[in-house]
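Nothing here was measured: the structure is a model prediction, and the numbers come from that model. We name chains A, B, ... by the order of the sequence lines, and we start the count at 1 in each one.
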2 protein chains.
Amino acid sequence: MSGNSRFAVSVHILAYLAYRQGAAVPSKEIAASVATHPVVIRRLLAALVQAKLVVARKGAGGGFALTPAAAGCTLLDIYRAVEPKPVSGLAHFAPNHRCPVGAKIESILQSVFARAQSGMETELAQVTLAAVHAQLRPVCPGKK
Amino acid sequence: MSGNSRFAVSVHILAYLAYRQGAAVPSKEIAASVATHPVVIRRLLAALVQAKLVVARKGAGGGFALTPAAAGCTLLDIYRAVEPKPVSGLAHFAPNHRCPVGAKIESILQSVFARAQSGMETELAQVTLAAVHAQLRPVCPGKK
DNA sequence: TAAAAAGTAACAAATACGGTTACAAAAATG
DNA sequence: CATTTTTGTAACCGTATTTGTTACTTTTTA
């Protein structure tokens, strides 16, 4: 798996922002929850801003907050925002095309990987950020 | 993604053995089809032998061949044979448990990953090695 | 003007993986 | 019995990826 912690940390970030209910949250505070360096958080947030799940405000009192779009987003949206696109074809796999098997296996495997990926994405699409937030609610202040 | 080429190469290996119809195939020959080093092939075959999908015969005239069990196996069986078990929990993800979000997010993410993995495995379970072999048939000698 | 914070580049350390070499063990063959 | 072939492993190198960190610029607020 390529870096799978990108996705995990991103969900954590967005869950944290949901937990903070729209306040402008600086990367330093998020980093404390994730237990890593603020720059790591800002790197991932750059992708989430590009995907319009988060807005950033610079300067004193600034920070990050969820957009309205993020309220209804699924974990698949998050996955696609932060996970680098699977490069066309398989990594480190270049069989000998002069062998009959080597010549055909690559396209077969591509369709297999497409199926597997699609199975995974179907599951991620069924979990919303709101659902993750709801599982967090018991510890959420200001909600009864 | 951890090494996804382990799985891809393993499917290639087993497809090649199917293509060779039960003959004892040395790792050198398989390596030529995969375009890699024989030791890489033998390393993966060690896992496939352990999973009883392949038998190995040492010595001159030896090599590898599919077991009867391999005839009906699915790509999920191959995946499980060669893909290192997901280490309990997420790699490189150790949130701050003194933060209410950090304390809960890990178990939430674990169930998310379990779902995603299960979606992927469901797809892999629906593709048999025989089906891959069938897609290879047009180039397979000795079959009309 | 000063402080706070994002944005980003650059670099270090750790990790993982593929490829390679080397060698021991086993099995067939003459 | 000696030789050859081949598996089975261990060890190592180079590369790529990822995380963490430092440093600096830009923007915004007070």
If the sugar-phosphate is the primed atoms plus P, OP1 and OP2 and the base is the rest, what is the B/S/- string for nucleotides 23-30 of chain D, using protein heavy atoms under 4.0 Å?
B---BBB-

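In this structure, Ile30(A) places its CD1 atom 12 Å from C1' of dA5(C), rounding to the nearest Å. Following rounding to the nearest Å, Gln50(B) (CD) and dT7(D) (P) show an atom-to-atom distance of 17 Å. When the C1' atom of dA6(C) is taken as reference, atom CG of Leu48(A) falls 14 Å away, rounded to whole Å. Rounded to whole Å, the distance from CG on Leu44(B) to P on dG19(C) is 10 Å. Whole-Å rounding puts the Leu45(B) CG to dT7(D) C1' distance at 10 Å. Atom-to-atom, CG of Asn4(B) to C1' of dC17(C) comes out at 12 Å; the value is rounded to the nearest Å. Protein atom CZ of Phe93(B) is 17 Å distant from nucleotide atom P of dT18(D), rounded to whole Å. One atom, CD1 of Ile41(A), and another, P of dT8(C), lie 16 Å apart when rounded to the nearest Å.
Arg80(B) meets the salt bridge (Lys or Arg N to Asp or Glu O under 4.0 Å) test with Glu121(B); sequence neighbours excluded. Considering only residues two or more places apart in sequence or on other chains, Phe64(A) meets the ring pair (Phe, Tyr, Trp, His ring centres under 6.0 Å) condition with none of them. For Thr74(B), the side chain to side chain donor-acceptor pair (under 3.5 Å) partners at least two apart in sequence or on another chain are Asp77(B). Looking at residues two or more places apart in sequence or on another chain, you find a side chain to side chain contact (heavy atoms under 4.5 Å, CB included) between Ala31(A) and Pro38(A), Ile41(A). Partners of Glu29(B) according to the side chain to side chain contact (heavy atoms under 4.5 Å, CB included) rule, which considers only residues two or more places apart in sequence or in another chain, are Tyr16(B), Arg20(B), Val25(B), Pro26(B). By the side chain to side chain contact (heavy atoms under 4.5 Å, CB included) test, Leu66(B) is found to be paired with Leu14(B), Leu17(B), Ala18(B), Val54(B), Ala70(B), Leu129(B), residues two or more places apart in sequence or in another chain being considered. Residues meeting the side chain to side chain contact (heavy atoms under 4.5 Å, CB included) test with Thr122(A), sequence neighbours left out: Ser118(A), Gln126(A).
For Ser27(B) and dT6(D), the shortest distance from a side-chain N or O to OP1 or OP2 is not below 4.0 Å. The side chain of Ser5(A) places no N or O atom within less than 4.0 Å of a non-bridging phosphate oxygen (OP1 or OP2) of dT18(D).
Closest to the side chain of His37(A), out of dG8(D), dG20(D), dA6(C), is dG20(D).
A pairwise comparison of heavy atoms in Ala81(B) and Ala47(B) identifies O-CB, 3.5 Å as the closest pair.
The rotation axes computed at either terminus of the helix from dT1(C)-dA30(D) to dG30(C)-dC1(D) lie 10° apart, taking five pairs at each end and rounding to 10 degrees.
Between the side chain of Ser111(B) and the backbone N or O of Ile108(B) there is at least one donor-acceptor pair closer than 3.5 Å.
Toward the 5' end of DNA chain C, the nearer of the two residues Arg43(A) and Val49(A), judged by each one's closest nucleotide, is Val49(A). Nearest-nucleotide positions on DNA chain D for Pro38(A) and Val25(B) put Val25(B) closer to the 5' end.
Among the atoms of the strands shown, only primed sugar atoms or phosphate atoms (P, OP1, OP2) are found under 4.0 Å from some heavy atom of His92(B).
For dG18(C), the base has no donor-acceptor partner in the side chain of Arg6(B) [N/O atoms by modelled type, under 3.5 angstrom].
A donor-acceptor contact closer than 3.5 angstrom links the side chains of Glu106(B) and His97(B).
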